[in-house]
Amino acid sequence: MNNTLPVLYSFRRCPYAIRARLALKLAGVALDVREVALRDKPDAMLALSPKGTVPVLQLPDGRVLEQSLDIMRWALDQVDAAPWRMDDATGQALIALNDGAFKQLLDGYKYASPSSAQSAEHARDAAVELFVAPLNRRLAQTQNLLGETPALADLAIVPFIRQFAGVDPDWFLTSPFSAVRRWLDAWTHAQLFVSIMPRLDPWQPGDPPTLL
Ligand SMILES: N[C@@H](CCC(=O)N[C@@H](CS)C(=O)NCC(=O)O)C(=O)O
């Protein structure tokens, strides 16, 4: 590396990259963020992480973190932000459900062909039953997923619920999940979130660092 900043290969709308950027920003980690066009991934990124997904974080000591949750944990380890480290069994189980079965249904909902409204609805209803309704029951009791204090699980899950809400915003707005809407709105309008969503041109070798 020819600079001392960590480098994050990222994609603006990717929920995995969003959760990584949220944690890095929250931790106050200065970094060079490189926007990646997923159809034209930079060789420099593929050389570090041949699996070809974002986010990828290259640390100044040469370590490469290529899973969003590893990046989040590393980021929160850099600061003394005790409540944010909260990552108990419930939080871990919620994140596992989000990243596993819910993500699969979300993809089924988001990427259903326009001629197959039925399969989109089927995936949406299954996602609601599995995850969105239970989250709503939690959030009807407390501000955040694990209580009043924000936790790693909130940061890790909110980008995926944002994506779920965005598939059919009219449906979401009139759905009965008002506690999830309140939580999603609070997170996505927070300065932290807004600050990690700049629109960047895809990175090219030789570009100067872009600080997040
Ligand atoms: N398990 C990975 C998943 C990351 C992932 O799947 N990212 C998507 C974008 S949202 C990606 O890079 N896909 C590769 C592609 O579309 O070519 C993580 O947590 O970081």
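Order of listing sets the numbers, starting from 1, for every ligand and every atom in it. Only a predicted model underlies this, so the values are computations on that prediction, with no experimental measurement involved.
- The option from Ser10, Ser68, Gly52 that lies nearest to atom 20 (O) of ligand 1, judged by heavy atoms, is Ser68.
- Near Pro55, meaning under 4.0 Å from one of its heavy atoms, ligand 1 places the atoms 20 (O).
- Atom CD of Gln118 is surrounded by 12 or fewer heavy atoms from other residues, nucleotides or ligands within 6.0 Å.
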Dump the intermediate steps for side-chain contact (heavy atoms from CB on, under 4.5 Å) on Arg19 and Phe160, then the final yes or no.
CA-CA 9 Å; Arg19 60 160 57 150; Phe160 294 83; 3.3 Å; yes
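- Listed by number with element, the atoms of ligand 1 under 4.0 Å from a non-hydrogen atom of Lys41 are 14 (C), 15 (C), 17 (O).
- A heavy-atom separation below 4.0 Å is not found between Leu69 and ligand 1.
- Partners of Ala179 under the side-chain contact (heavy atoms from CB on, under 4.5 Å) rule, at least two apart in sequence or in another chain, are Asn136, Leu139, Ala140, Arg182.
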Would Arg181 and Ser175 count as a side chain to side chain donor-acceptor pair (under 3.5 Å) if you check the C-alpha gap in whole Å, the side-chain angles of each, and the deciding distance to 0.1 Å?
CA-CA 9 Å; Arg181 276 200 298 276; Ser175 75; 3.3 Å; yes
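- Residues passing the salt bridge (charged side-chain N to carboxylate O under 4.0 Å, His left out) test with Lys103 are Asp107, sequence neighbours excluded.
- Scanning all protein heavy atoms for the shortest distance to atom 12 (O) of ligand 1 gives Val54 N, 2.9 Å.
- Ligand-side atoms of ligand 1 in range of Leu38: 12 (O), 16 (O), range being under 4.0 angstrom from any heavy atom.
- Every atom of ligand 1 with a heavy atom of Gln67 under 4.0 Å away is listed here by number and element: 1 (N), 2 (C), 18 (C), 19 (O), 20 (O).
- Counting only heavy atoms of the protein, atom 6 (O) of ligand 1 lies nearest to Tyr16 CE1, 3.7 Å.
- By the 30° and 60° cut-offs, the orientation of the rings of Phe172 relative to Phe164 is perpendicular.
- Considering only non-hydrogen protein atoms, atom 13 (N) of ligand 1 sits nearest to Thr53 CG2, 4.0 Å.
- Remark: ligand 1 atoms within the under-4.0 Å shell around heavy atoms of Cys14 are 7 (N), 9 (C), 10 (S).
- Checking side-chain atoms of Asp154 against main-chain N and O of Leu145 turns up a donor-acceptor pair under 3.5 Å.
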